Amino acid sequence: MDAFYASVELRDRPELRGKPVVVGGLGPRSVVLSATYEARAFGVRSAMPVGRARRLCPQAVFIPPRHGVYGEVSKEVMAIFRAVTPEVEPLSLDEAFLDVSGATRRLGTPRRIAELIRQQVREQQSITCSVGLAPVKFVAKIASARCKPDGLLVVPADGLLDFLHPLPVSALWGVGDKAEEVLGRLGLRTVGDIAHVPAATLRRELGAAGEHLHALAWGRDERPVTPRREEKSVGAEETFPTDVDDPDVVKKELLRLSGRTARALRASGCVARTVTVKLRLANFKTITRSRTLPEPTDVAREIYAAACALYEGSGLDSRARLRLVGVRATGLRPVSGAARQLAFDERPSGWREAEQAVDRIARRFGADAVRPAALFGSSQDGPAEAPSKTRDEPRILGNEPGV
DNA sequence: TCTGGGGTCCTAGGACCC
DNA sequence: TCTGGGGTCCTAGGACCC
């Protein structure tokens, strides 16, 4: 019994127990991301506009997804995990893999350790957490998902396949709508069905992912718990309150998103080599355009220049109606390892230093204290189209309920 | 029903180099 | 002059996860 998985559940907050809870964004075009059973009873469904959900179920508690304040709880919960073992791999704000093989001598059996964690999270944070325990990482995750809310489920090594095989194919990580459809066409409904079909068949239908699923179906997964995972990309995107066909508005938004992306880069101590622009049309067709820079950067001005050029050269009709734009920086490397060599005749532009100064002001006075002149009158954290967007902070600390 | 925002990973074609 | 094959990088798109 090596790894186990822990997940924290908002649903068990006493004040929310038994209430209809809807998780969704705050913008005018936000949709329902998840809803509790109680909310679903009113007809609330995922992907439904939040406004419609409100009309169907006005008494529901509406929670914005992944909003700021929850981060504090998350840090403290992760600290509880790390007191058990340094082998903690955070998966999201409220979930982590732990490898407890090194902690059993000190703290007892994995089951005992799981009970300890659940007790500490409950006492210190007044929230519950579910823990799945298994000798294989992904099985531990499935176990934690199946014992929530507020549960503990142990899958012993000799019971691995008995646990896995009756599960629906969608229980496996990596099986979403598309893969489930393909598997369904092959007549495969359960994990056991996947296990008993030749790996070559799965590879033909699903590529490398198919072979991976076959291994998972037999409980084979060599991936270890990796405490520090390097970020591969950072970015920002925003759906306009209404579709936009004005290139000036689009560029203004690109400027704002470039600023957010550059700030995130500087905060993580990275520079990026490639800039990608994402453009989603009114009909939901999405295109991306990317460009690799001669030198890596964390400067908003440089990211914006690339983003703008990509947008202008995207081949879209200049009056194309856009629903969403996004800016992402990839090809990250630590800033220290990429210290820029200035050529003899090159003078530092000073933009990087200027933006770092802005970072310091923002840390002290808030993100809105300084912003590019082009964004004057708008909020750095709201879409350019909606300068008066109210920053509805979540009233309830928490994350989406598992439903 | 009409699709958020943060990411990761995979595939496939073409350029380019040896 | 025409051509092989492998490796790597770049670009675009898409599935998937929370």
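Computed from heavy atoms alone, side chains included, the values below leave out hydrogens, waters and symmetry copies. Keep in mind the model is a prediction, meaning the values are calculated, not measured. Proteins get letters first, then strands, A, B, ... in listed order; numbering begins at 1 in each.
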OP1 or OP2 of [N] versus the side-chain N and O atoms of [X]: is any pair under 4.0 Å?
{"X": "A:W173", "N": "C:dC18", "result": "yes"}
{"X": "A:K232", "N": "B:dC9", "result": "yes"}
{"X": "A:T274", "N": "C:dC10", "result": "no"}
{"X": "A:T288", "N": "C:dA12", "result": "no"}
{"X": "A:K141", "N": "C:dC18", "result": "yes"}
{"X": "A:R280", "N": "B:dT3", "result": "no"}
{"X": "A:S30", "N": "B:dG4", "result": "no"}
{"X": "A:R289", "N": "C:dG13", "result": "yes"}
{"X": "A:R328", "N": "B:dG7", "result": "yes"}

Length of the line joining [X]:[atom1] and [N]:[atom2], which is rounded to integer Å:
{"X": "A:L257", "N": "B:dG7", "atom1": "CG", "atom2": "P", "result": "12 Å"}
{"X": "A:L33", "N": "B:dG5", "atom1": "CG", "atom2": "P", "result": "10 Å"}
{"X": "A:K278", "N": "B:dG4", "atom1": "NZ", "atom2": "C1'", "result": "9 Å"}

Indicate, with a heavy-atom threshold strictly under 4.0 Å, whether [X] touches base, sugar-phosphate, or nothing.
{"X": "A:L91", "answer": "nothing"}
{"X": "A:K285", "answer": "nothing"}
{"X": "A:A236", "answer": "sugar-phosphate"}

message = As a test of reading the structure: which of C:dC16, B:dG5, B:dT3 is closest to the side chain of A:E238, going by heavy atoms?
response =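 Among C:dC16, B:dG5, B:dT3, the one nearest the side chain of A:E238 is B:dG5.
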request  = When you get a sec, tell me which of B:dT3, B:dG7, B:dC10 is the closest nucleotide to the side chain of A:S233?
outcome  =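 So the nucleotide nearest the side chain must be B:dG7.
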message = When you measure from the centre of the six-membered ring of A:F284, is the NZ or CZ of A:R280 closer than 6.0 Å and no more than 45° off the axis?
response =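 Positive - A:R280 is close enough to the ring of A:F284 and near enough to its axis.
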key: A:R289 to A:Y311, cation-pi by 6.0 Å centre distance and 45° axis angle   =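 Output no; distance or angle outside limits.
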query = 5'-most contact on DNA chain C: A:G174 or A:I287, nearest heavy atom basis?
reply =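 Per heavy-atom nearest nucleotide, the more 5' residue is A:I287.
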message = Looking only at side-chain N and O atoms, does A:E115 offer a donor or acceptor that is under 3.5 Å from a partner on A:Q119?
response =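 No, no side-chain donor-acceptor pair sits under 3.5 Å.
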inquiry  = Run the ring-ring contact (aromatic ring centres under 6.0 Å, His included) test on A:W173 and A:H212 for me, step by step, so that the C-alpha distance in whole Å, both residues' side-chain angles and the decisive distance to 0.1 Å come before the verdict.
reply    = CA-CA 10 Å; A:W173 245 43; A:H212 183 57; 9.7 Å; no
key: Watson-Crick and G-U pairing of DNA chain B, under 3.5 Å, as dot-bracket with | and [ ]   = ....||||||||||||||
5′-ward residue of the pair A:S46/A:G235 relative to DNA chain B =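 Between the two, 5'-proximity favours A:S46.
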query = When you match A:R323 and A:E237 each to their closest nucleotide on DNA chain B, which lands nearer the 5' end?
reply =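 Nearer the 5' end of the strand: A:R323.
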task = Would you check if A:F284 stacks with the base of B:dT3, given a 5.5 Å centroid limit and a 30° plane limit, both strict?
result =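 Ring-base stacking flag set for A:F284 and B:dT3.
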inquiry  = Between C:dC17 and B:dC2, how far apart are the two P atoms, rounded to whole Å?
reply    =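 Result for the P pair: 24 Å, nearest Å.
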ask   = Can you name the nearest heavy-atom pair linking A:T261 to A:V234, along with the distance?
value =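 Result for this residue pair: CG2-O, 3.7 Å.
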inquiry  = As an exercise, state the distance from SG of A:C129 to CD1 of A:I117, rounded to the nearest 0.5 Å.
reply    =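 Spacing of SG (A:C129) from CD1 (A:I117) equals 7.0 Å.
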